[in-house]
Amino acid sequence: MRLLSGLFGKKVTIIGHDKNGKPFEREVSERQLKGWEAKGKLSKVEAVEVHVLDPKGDYSTQWLVGKDISPELLEKFRDSASGALYAITIYKAGVPETMLAAKEKWLEVKSTLQG
């Protein structure tokens, strides 16, 4: 096993979307990843886990930093212990609106909703 890791290097998992928008997850060597980055074939994008309270069903998802959330909001609302974000979705006239919340406030709302 040590011989193989010496030949191929440490493995990392990449998550992305193919040209048709279909999500994928693959394990590749760090060397291969760095080569693709150098050739401009892909780039690293930070993703953050988001726990969402939603009247239609709570869920967790991933938001892309710089696309789904600004670095400034991430810094302001990211939980220091878990690194995750916490959000609450409400519906106004059937239209969902999602707001970020501090973990403590999120837990209060969750407790209230669970009665």
Spell out, as yes or no, whether a donor-acceptor pair under 3.5 Å connects the side chain of T112 to the backbone of E108. yes
Within one Ile-Leu-Val-Met-Phe-Trp-Tyr cluster: W36 and F24, side-chain cutoff 4.5 Å: yes
Quick check on side-chain contact (heavy atoms from CB on, under 4.5 Å): which of K103, K105, E104 does Y86 satisfy it with? K103
Using 4.0 Å as the upper bound for N to carboxylate O, is an ion pair formed by R78 and E46? yes
Rounded at 0.5 Å granularity, tell me how far CD1 in I88 sits from OG1 in T98. 10.0 Å
Rounded at 0.5 Å granularity, tell me how far CD in E97 sits from NZ in K92. 4.5 Å
Roughly how far, to the nearest 0.5 Å, is NZ of K11 from CZ of R26? 13.0 Å
Backbone N or O of A87 within a donor-acceptor pair of the W106 side chain at under 3.5 Å? yes
Please examine the side chains of K10 and S29, heavy atoms only from C-beta on, and report whether any two atoms are closer than 4.5 Å. no
Verify the neighbour count for atom CD of E75: are there more than 12 heavy atoms of other residues, nucleotides or ligands below 6.0 Å? no
Compare every heavy atom of D68 with every heavy atom of Q62, then report the nearest pair and how far apart it is. O-OD2, 4.3 Å
Is any side-chain heavy atom of I90 closer than 4.5 Å to one of M99? yes
Hydrophobic side-chain clustering at under 4.5 Å (ILVMFWY, transitive links): who's grouped with W63? Put none if nobody. V48, V50, V52, Y59, V65, I69, L73, L74, F77, L85, L100
